[in-house]
There are 2 protein chains.
Amino acid sequence: MSTERQPDAVDAILNQWRRERPDLDVSPMATIGRLKRCSALMQRRLDEAFSAFGLTIWEFDVLATLRRAGAPHCLAPTALFSTLMVTSGTMTHRMQRLEASGWVERVANPDDARGKLVRLTPAGLELIDRAVEAHVENEHRILAPLSAAELNTLETSLAGLLAVLEPGKDRAD
Amino acid sequence: MSTERQPDAVDAILNQWRRERPDLDVSPMATIGRLKRCSALMQRRLDEAFSAFGLTIWEFDVLATLRRAGAPHCLAPTALFSTLMVTSGTMTHRMQRLEASGWVERVANPDDARGKLVRLTPAGLELIDRAVEAHVENEHRILAPLSAAELNTLETSLAGLLAVLEPGKDRAD
DNA sequence: TACAACTATCTTGATATCAAGATAGTTTCA
DNA sequence: TGAAACTATCTTGATATCAAGATAGTTGTA
């Protein structure tokens, strides 16, 4: 089970635990610790591209969700916060900010007067269309050091983990 | 390039983008999207174990960092917030909360009067020792559905990604 | 119709976080 | 020694988030 790679920050943490608590099998930390660390570092790299457009990660996420839904780029707040895994209160706050920026507007829902629909404005559409181009380019750049085979293995592994973590989706039983 | 797995939430997002922006090669989103989603879902699962001990994730992280440093379980705030990837202001706030809970105490730094050292109290040590046992068990449970081969592939892939993302560590040049 | 149960959204209050700057102690070097 | 540069920590003000509850509209059913 030898490895050729250089020890990383997670290896150091594992070594500390093995010294301090040799009674524990901390091997899962190798995977879960790297998952968290990769995700945190990745978000920072992605943020660099967003900030060039004056966008934060959450602003990009909301605008992108509306954009990829297709014309008329209009979704209910409930659909948005479910997709984005945040609470309704958070979504209310985000709508206020995005509306003030002029990137979304709220229009009456013809089918349900309890709520309104959130719609990309022309300015919001134009912005997110440019931002997503830069974002995708940035993602390509970030992953460029990995070979096609490495990328494929990583994606397949993460898909397997996601299937384990995603609560009860796509189950037939 | 056929796959046997069920489509997941990230596949749905990719399909939307391919319909709306067929000019973009959004393939990196398959990996990066799953990374973020796996990490978010994993944190929720981990949080379940922490909350059984009345701990939040950040409280666990700070106490665990002190614990695995070994006796006398004492680190400078700078070492803590560097390791934990947060700002100094955040760490000040965390120290106030943890000190009020009685899990850490601040002692004078004999080598540098500018700052104090943060040290686990006996109560903090006892708590984190129990909590980390439950945490590791929980991690084993979460990953149990994956085979040893799958886990090994996942860990190796994430280590490769981390080497790409980690800024300039372990470089000889 | 009328009422109960349900649902979508917003409000409130508390907390965690960050960026920028303030404060105080240490180090370097002439 | 003394002053400048540096460093460690804390403070301040703004923002994003959540949990819980409030409000208003919809649906089912007698």
Side-chain angles (χ1 to χ4, degrees), chain A residues 36 39-41 43-48 50-51 54-66 74-101 103-119, chain B residues 36 39-41 43-48 50-51 54-66 74-101 103-119:
Chain A
K36 181 173 182 175
S39 182
L41 292 168
Q43 293 308 304
R44 289 188 184 184
R45 294 288 294 274
L46 299 183
D47 194 42
E48 292 169 12
F50 301 146
S51 62
L55 288 172
T56 62
I57 289 180
W58 69 257
E59 289 171 323
F60 178 89
D61 281 344
V62 175
L63 299 182
T65 302
L66 291 165
C74 196
L75 290 172
T78 302
L80 279 170
F81 71 69
S82 304
T83 301
L84 294 166
M85 301 201 292
V86 296
T87 64
S88 62
T90 295
M91 192 50 58
T92 299
H93 178 246
R94 289 183 176 188
M95 288 308 107
Q96 290 167 349
R97 303 301 311 275
L98 291 173
E99 199 170 25
S101 298
W103 296 326
V104 307
E105 59 192 349
R106 283 190 279 196
V107 300
N109 185 341
D111 298 328
D112 191 334
R114 282 172 297 183
K116 299 198 166 183
L117 295 175
V118 179
R119 185 168 65 190
Chain B
K36 180 172 180 175
S39 183
L41 291 168
Q43 293 308 304
R44 290 187 185 184
R45 294 287 295 273
L46 299 183
D47 193 41
E48 293 168 12
F50 301 145
S51 62
L55 288 172
T56 62
I57 289 180
W58 69 258
E59 289 171 323
F60 178 89
D61 280 345
V62 175
L63 298 183
T65 302
L66 291 166
C74 196
L75 291 171
T78 303
L80 278 170
F81 71 69
S82 305
T83 301
L84 295 166
M85 302 202 291
V86 296
T87 63
S88 62
T90 296
M91 192 50 59
T92 299
H93 177 247
R94 289 184 177 188
M95 287 309 108
Q96 289 167 349
R97 303 302 309 276
L98 291 173
E99 199 171 24
S101 297
W103 297 326
V104 307
E105 59 192 347
R106 282 190 279 196
V107 299
N109 185 342
D111 299 329
D112 190 334
R114 282 173 296 184
K116 300 199 165 184
L117 296 176
V118 179
R119 186 169 65 189

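Here is how names work: the chains are called A, B, and so on, in the same order as the sequence lines, proteins then strands, and each is numbered from 1. Bear in mind the structure is a predicted one, so any value in this text is a computation, not a measurement.
For the pair A:Pro77/A:Val118, a side-chain contact is recorded, criterion being any heavy-atom separation below 4.5 Å from C-beta on. Contact annotation: the side chain of A:Trp103 approaches that of A:Leu55 to within less than 4.5 Å [non-hydrogen atoms, C-beta and beyond]. By the 4.5 Å heavy-atom criterion applied to side chains, A:Trp58 and A:Leu98 are counted as neighbours.
Note on B:Arg106: a side-chain N or O is less than 4.0 Å away from OP1 or OP2 of D:dC10. Between A:Thr90 and D:dT17, a side-chain N or O to OP1/OP2 separation shorter than 4.0 Å is absent.
Put simply, CE on B:Met91 is 15 Å from P on D:dT11, counting in whole angstrom units. The CG-P distance, from B:Leu75 to D:dA8, rounds to 14 Å in whole Å. Taking atom CZ of A:Phe81 as the reference point, atom P of D:dA16 lies 19 Å away to the nearest angstrom. To the nearest angstrom, C1' of D:dT17 lies 13 Å from CZ of B:Arg44. Distance, B:Gln96 CD to D:dT12 P: 11 Å, rounded to whole Å. Note: CZ (A:Arg94) to C1' (D:dT15) measures 12 Å, nearest angstrom. Distance A:Leu84 CG to D:dA16 P: 15 Å, rounded to the nearest Å. Residue B:Leu98 contributes atom CG, which lies 13 Å from atom P of D:dC10 at whole-angstrom precision.
Using a 30° and 60° split on the angle between ring planes, A:Phe50 and A:Phe60 fall in the parallel class, below 30°.
With DNA chain D read from its 5' end, the first of the two nearest nucleotides for A:His93 and A:Asp111 is the one closest to A:His93.
Considering only side-chain atoms of B:Val86, the nucleotide from C:dC10, C:dC18, D:dA16 that sits closest is C:dC18. Nearest nucleotide to the A:Asp112 side chain, out of D:dT26, D:dT17, D:dT11: D:dT26. Listed nucleotides: D:dT7, D:dT26, D:dC18. Nearest to the side chain of B:Arg114: D:dT7. Of all nucleotides listed (D:dC10, C:dC18, C:dA8), D:dC10 comes nearest to the side chain of B:Ser88. Closest to the side chain of A:Ala113, from the set D:dC10, D:dG25, D:dT17, is D:dG25. For A:Thr87, counting side-chain heavy atoms from C-beta on, the closest listed nucleotide (D:dC10, D:dC18, C:dT15) is D:dC18.
Take B:Arg45 and apply the salt bridge (charged side-chain N to carboxylate O under 4.0 Å, His left out) test, not counting sequence neighbours, and it matches no residue.
Going from atom CG of B:Leu117 over to atom CG of B:Asp112 covers 9.0 Å, rounded to the nearest 0.5 Å.
One finds a salt bridge joining B:Asp61 and A:Lys36 here, because a Lys/Arg side-chain nitrogen approaches an Asp/Glu carboxylate oxygen to under 4.0 Å.
Annotation: proximity of residues 54-64 of chain A to DNA chain C (heavy atom, distance under 4.0 Å) is found for no residue.
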